[in-house]
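Right, one structure below, let's go through it.
Throughout, protein chains are lettered first and strands after them, A, B, ... in sequence-line order, and every chain is numbered starting at 1. Values below: all heavy atoms of this structure, side chains included; hydrogens, waters and symmetry mates excluded.
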Amino acid sequence: MKASIRPYLFSILGVAAALVIWQVLAEAKVAGNALPPATTVFTTLATILGTGTFWSSLGATIGISILALALAAVAGVVIGLLVGSFESVRYATLAVLEFLKPVPPIVILPLAVLVLGPTAEMSLFLVVFGCLLPIVMQTVDGVQGTDPVARDTARSYGMGEREILARVVLPSAMPYIGTAMRVAAPAALVVTVVAGLLGGGPGLGQNIYQAQAAGDYASLYGLVIVLGVLGLLFQGATRLAERRVLHWHESYREVVP
Amino acid sequence: MSNRPAPTLPTRNRKSTMAQQPETRVSASTPRLDVSHLAKTYGSGAKARTVIEDLTFTVDAGEIVCIVGPSGVGKTTLLKCLAGLHPATSGRAAIDGRTISGPPSEMALVFQDYNRSLMPWLTVRKNLVLPLRHLKLSAAELKERCDGALAAVCLSHADNQYPWQLSGGMQQRVAIARALAYRPEILIMDEPFASVDAQTRFDLEDLCLKIRRDFAMTILVVTHDIDEAVYLADRVVVLGSRPARVLKVVDVDLPAPRDQITTRSLPEFARQRTEVLSLIKRPA
Amino acid sequence: MSNRPAPTLPTRNRKSTMAQQPETRVSASTPRLDVSHLAKTYGSGAKARTVIEDLTFTVDAGEIVCIVGPSGVGKTTLLKCLAGLHPATSGRAAIDGRTISGPPSEMALVFQDYNRSLMPWLTVRKNLVLPLRHLKLSAAELKERCDGALAAVCLSHADNQYPWQLSGGMQQRVAIARALAYRPEILIMDEPFASVDAQTRFDLEDLCLKIRRDFAMTILVVTHDIDEAVYLADRVVVLGSRPARVLKVVDVDLPAPRDQITTRSLPEFARQRTEVLSLIKRPA
Amino acid sequence: MRNVKMRNWVIGIGTPVLLLVAWWFLSANSTDPFFPPLETILIRFQELWLFEHFQSDVLLSLGNLFLGFVIAAAAGIALGFVTALVPPVRWMIDPLIHFLRGIPPVALVPIFISLIGFGTQMRVTSIALAALFPTMIATVDGIRSVSNDLMDVARVYRLTRKERVLKVLLPAATPQIFSGLQVSLQVAFIVMIASEMLGSSQGIGAMTLLAQQSFMTADMWAGILLLGVIGFLVNVLFSLLRRKVLSWYIGSRRLARAS
Amino acid sequence: GGGSSPAAAPAADGTTTLKVGTIGIGSDAGIRLAADKGFFKEQGLNVEISVIANPPAGIAAAQSGQIDLTYTPSIPLLNALSQNVPLKIIAAADGYKDGAGDSSDLNRVDDTGLLVQKASSITRPKDLEGKNVSVPARKAQLEVTVSKLVKDDGGDPAKVNWMVLDPSSALQSLNSGRVDAASLVAPFTSKAVSEGNQLLASPGVEFFEQGAIGLWVSGANTVKSKEKALAGFKAAIYKANAYANGHIDEAQQLSAEITKTPLDVVKSGAVNYWPDDVRVEDIERANNNLADLGFLNAPVKLPADIIFGK
Ligand SMILES: Nc1ncnc2c1ncn2[C@@H]1O[C@H](COP(=O)(O)OP(=O)(O)OP(=O)(O)O)[C@@H](O)[C@H]1O
Ligand SMILES: Nc1ncnc2c1ncn2[C@@H]1O[C@H](COP(=O)(O)OP(=O)(O)OP(=O)(O)O)[C@@H](O)[C@H]1O
Ligand SMILES: [Mg+2]
Ligand SMILES: [Mg+2]
């Protein structure tokens, strides 16, 4: 019993120590007024939370992230199934996909801002661009990774190609797609913030930029804390969703004989 | 072959299996399954690899035939050819005289890797239903078939569980139940009882004999275990060295019904297994 | 137990194994390995699960003892207690009278999952060398031990390959070679020959007999396969139902040297395996 | 068989070439201010990056990226080991780490600018700190998922503690560590660009953003092209390293999949 | 965020919606007054103001039709025009009174400033050669105007070490000596002075001398589709500009609100001026200066109809 509460004690201790160190460093003015004390940040945060603009920014950030994620997921899975199922399509797209995969959306941010302006569409475009390829690649891997024994089983029972695609290939690619989504969901949030911060798109990123430009450091820290919490929520939500959909997969099985 | 039951004898358990089985009996001279001069080469050109060169044997209706042979000899390859999953390179395999060119509807295959052939995202029952979907059966018929198959393998209680929640032996029985629900006339099993413990193995072997008895199926089993082969089979096909060829077909004359303890302690049993063993054991 | 060689008889092959073995012989009355009233419970509180309740048996020096029992009975758990990996909950296991409290230096363990017990990032030879590093042997001695162990399992040619490039049977032999190179006095193997084909299995069984002969080791083998247990063992410990308990210790009186074909066709062999079988086969 | 292989090669090489040719000709007479002719872009690419700004901007960016990434990798692995092997440390910093990694790394850049300033120092720090977490978390996961069987082997054969850490845990965790490093590299690359876009007048990111803000679209395209190529090449280099270090893992995976 | 495509047709209540981007500076008081005082409503307009990160982003949004109007100083506009981005000037947003350049206290008219530490060795623009000088953005207004100062003083602007810093970081860096000089805009200019730095020069007014600097700009397509609404916008803005010039206290109060700075800091800085006209010659002067300094290869050839309604 005693052993099981010890981790929590240590965790609380860790968080408390971090806050105290922060407060002390800030009071000592080690970084001038660029490091506001924790107390100031939290009171500022409380005021920010009371403003309508904050909530509409938050809404924009979440809305853009989720909408773009959904778009990327649907498009990515369809493209991935296509690319994974047909060899010629795979070869045709291989070079382009491999080139684009390691290119983060921030690279084309200037272009997006130039063409679409500092708008929600620009943010959406960037997020979709950033999330699409990983989902496509993982789906392709999943299709390719379908167990040949499972495929053969289906074939030996006389199931048709389309039935196999829908009932065997897609489900067995789900863990891969799940992995992609788990990576993509926080990434969607990151890109939405980047689009706001660097491209002026709507949302919390823009607020951070404005706080920084105005030298409003307490708000800056407060907003970053909000983003941290939001990031955690995103991660938790995707993990939960994945667990529900993939409850049958090895990594989620609850009863292991 | 005194222990082979007449395949058409209507037993209490056969139920609607009969409907699928042709009423007109194949003449005694046509074997149910006929493999003649079968050859299989993987790849082509420089990478070509001949696994099976010239294989000939037959399986009669209602028989249990076991195939034994060293690992990698090409047993699984042979079964895949029979199941129509790979085309034969030359020679032919035929069911009732019809050459096999795609998965034959009267055949079901139980794969070597049961844990890879069951869909982990489906419950046991849904795994059974999956291959039946395109048969467009009524809901009642679907349920009846699944219930019957699950009962046959004593897994009625597990129908809502996922395969991975079951032990290896139970999973293997699910794979067998799936085949049973499909109501094949010919059941082919690839090392079905590997890596389950001795007790379960005995149970599954007896299940296999029971299925033959109840459903009048023709059964072809690949195994590593010579005792198992002798215990189960009416005939044992012993395969040897690469490329695969038939070393001998051993007729097993053990009385029915067979029993794990009494049958295995018969002197005749020991003789038969020694014969197979000495065929397989390569010179030291 | 006529076939057990006297453990101190200096054979040509024993080489430096002797150096590690204490010259002062343990008195005949002290067993090499002594398990008495051993109990093991996993977890505690509500989740506690008693796997072994009260287990007693002994292994004498130079003996091969096989343990058989249904899956999940706690065989692996027992071995882990013997190897000092898990502390026993009560009772004790002792080597030469010393209670085991951590991994004993005179013991080597061949694990059930060979493919999970070899380091995939090391070649075969480096896998053998890894446990020898802290012994601070000379390079020559190191090489001699590895070469000897690899030769004993007929894998001299594979020393630069990675485990995953080898077949299951070869991987298992690597795991055995690693144990041999460690020069233990007591070798414990957990289902070492599961999931390899019959031919390889025979070879590995004979290898096991050869090791005992050449290195005068005391060997404890867990297996599912009753034939195997009877073929290998001087005594068979039959475990039953949960929590694990000893159903019977069967003395095997088969002449040495044993041979796959002749030994297995002896009527005495059939009698012994039937005895074990009927102990294990639960009432239908 | 041969034909299929040939056809795949032709398709594989032909499609990207076709796309480039299409871009070239479709944009040839473009007067759209945002989509200049590919020719113009390539000319600007050559003029800008080879070699006028090569040292002052390209090398500077790459140097920051490399330095930041190496610091992140070394610190991430070391911290990961300490965290995984010393439970009290893990309990103490686990919540903080999880919170910090929830923050989009780019959002930290403004904070670093306000704390450290805007020089190379800030950029390297931003890159290193942001890229630290993926590696560290992957290392912890990697060590914690080392199979019990391997650790049992190590104990049965009585390996020393040092041997267990260096000869068993480290190699067994490398596949996961490398996936962490891969993510870290991506993050490092993103933060490199972001830190240049936010607080600097030097570096490829700064020049690209500047080109965009002064409507020099060809220059902007040239910058995007260069960043894309760098992103690609850095990834290729990393893959080569991974292939070398993890040859055993890749080989065993391939075999496992083939069977 | 303001995303959906602009509705050309008036809404049910007869008002037309215009989306306007601003960068959130003190002179936004003009457009805020137009909205607050109902000048837009008088013209049948419903103006939605959103804040954009910087003028180039606004220009991009305006040209693509994402917003109808944007605030931009003349320099980014000229940059865009030089790249054939189709834009039109609708109205003046801020600027200098005629003759402002001759004023005795440039600090009071110019909201931009070049600041150095009190004890700095830099005493004239030429001294900036080889020094770290902060600007909010490269090739934008402050770099251009400070460059002109350096050049006019006989120095070489190419030898200046430009650093991009947002105003608050720039001020902080100036205080800590990480930069030698900072180019700032209001209210940071007055903030810098109050923190003990000195104003070396007022680059804006010295560059532009007089006339409109900040402009309300639309994309050419918007001008076609919403001509009437834009005319209304122009009228309302000029009415508001005149009002702001006449009620400077009220305007400054708004400026302090918009920029979130204390009123006294705003009051201690430059007094904004909201012009009532855009003159081509003022734009051309900036155009030629840019070319002289090498920021443009050649002066942009301004279309004849560059200014809406002229
Ligand atoms: N798709 C394939 N392409 C190329 N070679 C193959 C393929 N499938 C199997 N082989 C090879 O054919 C040989 C026979 O394989 P097969 O699986 O049929 O043997 P098996 O007798 O079933 O062995 P086991 O008893 O281990 O299951 C092996 O050497 C194998 O490497
Ligand atoms: N670490 C553990 N914690 C809790 N329970 C365990 C643990 N290890 C094993 N068990 C349980 O103890 C029982 C015995 O397991 P063990 O692996 O010893 O059986 P076994 O006889 O070796 O089985 P098999 O023949 O399948 O290898 C099983 O029911 C298992 O679920
Ligand atoms: Mg096989
Ligand atoms: Mg076990």
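For the pair D/Gly102 and A/Gln235, the tightest heavy-atom approach, listed with the atom from each and the gap, is CA-NE2, 4.3 Å. Nearest heavy-atom pair across A/Ser88 and D/Ile11 is O-CG2, 3.6 Å. Between D/Pro104 and A/Val193, the shortest heavy-atom distance links the atoms CG-CG2, 4.0 Å. Residues D/Ala107 and A/Ile208 share a closest heavy-atom pair of CB-CD1, 4.0 Å.
Contacts between A/Val224 and chain D at a heavy-atom distance below 4.5 Å involve backbone atoms as well as side-chain atoms. In this structure, the portions of D/Arg101 lying under 4.5 Å from any heavy atom of chain A include both its backbone and its side chain. Heavy atoms of A/Tyr209 lying under 4.5 Å from chain D belong exclusively to its side chain. For a residue to count as touching a neighbouring chain, one of its non-hydrogen atoms must lie under 4.5 Å from one of that chain's; by this rule D/Leu108 touches chain A with the side chain only. Contacts of D/Ile224 with chain A are made by both backbone and side-chain atoms, with heavy-atom separations under 4.5 Å. When heavy atoms are compared at a cutoff of 4.5 Å, A/Leu223 does not approach chain D at all. Contacts of D/Asn8 with chain A are made by both backbone and side-chain atoms, with heavy-atom separations under 4.5 Å.
Your options are A/Leu35, A/Asp147, A/Leu230, A/Val190, and the one with the most heavy-atom pairs under 4.5 Å with chain D is A/Val190. The choice from A/Leu220, A/Val226, A/Val194 that makes the most heavy-atom pairs within less than 4.5 Å of chain D is A/Leu220. The choice from D/Ile193, D/Val229, D/Ile111, D/Asn235 that makes the most heavy-atom pairs within less than 4.5 Å of chain A is D/Ile111. Chosen from D/Pro105, D/Gly223, D/Pro95, the residue pairing most often with chain A at heavy-atom distances under 4.5 Å is D/Pro95. Interface check for chain D: of the options A/Ala17, A/Ala18, A/Gly14, the most heavy-atom pairs under 4.5 Å are formed by A/Gly14.
Within the 4.5 Å cutoff, side-chain heavy atoms of D/Phe99 are placed close to those of A/Val229. The shortest distance between side-chain heavy atoms of A/Leu197 and D/Pro110 falls below 4.5 Å.
Atom-to-atom distance recorded for D/Trp91:CH2 and A/Tyr8:OH is 11.0 Å, nearest 0.5 angstrom. To the nearest 0.5 angstrom, D/Ile103 atom CD1 is 8.5 Å from A/Leu232 atom CG.
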Name every donor-acceptor pair, under 3.5 Å, that has one atom in a side chain of residues 92-118 of chain A and the other anywhere in the protein, sequence neighbours excluded.
unit_1: A/Thr93; atom_1: OG1; unit_2: A/Val89; atom_2: O; d: 2.8
unit_1: A/Thr93; atom_1: OG1; unit_2: A/Arg90; atom_2: O; d: 3.3

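The salt bridge (charged side-chain N to carboxylate O under 4.0 Å, His left out) contacts involving residues 215-228 of chain D comprise D/Arg44-D/Asp219, where partners must be two or more places apart or lie in separate chains. Residue pairs meeting the side-chain hydrogen bond (donor to acceptor under 3.5 Å, both in side chains) criterion with at least one member in residues 198-207 of chain A, sequence neighbours excluded: A/Ser57-A/Asn207.
Near-neighbour residues of residues 15-23 of chain D relative to chain A, defined by a heavy atom under 4.5 Å from a heavy atom of that chain, comprise D/Thr15, D/Pro16, D/Leu19.
The number of heavy-atom neighbours closer than 6.0 Å to CZ of D/Phe238, taken from other residues, nucleotides and ligands shown, is above 12. Taking a 6.0 Å sphere around CD of A/Glu27, one finds it holds more than 12 heavy atoms contributed by other residues, nucleotides or ligands.
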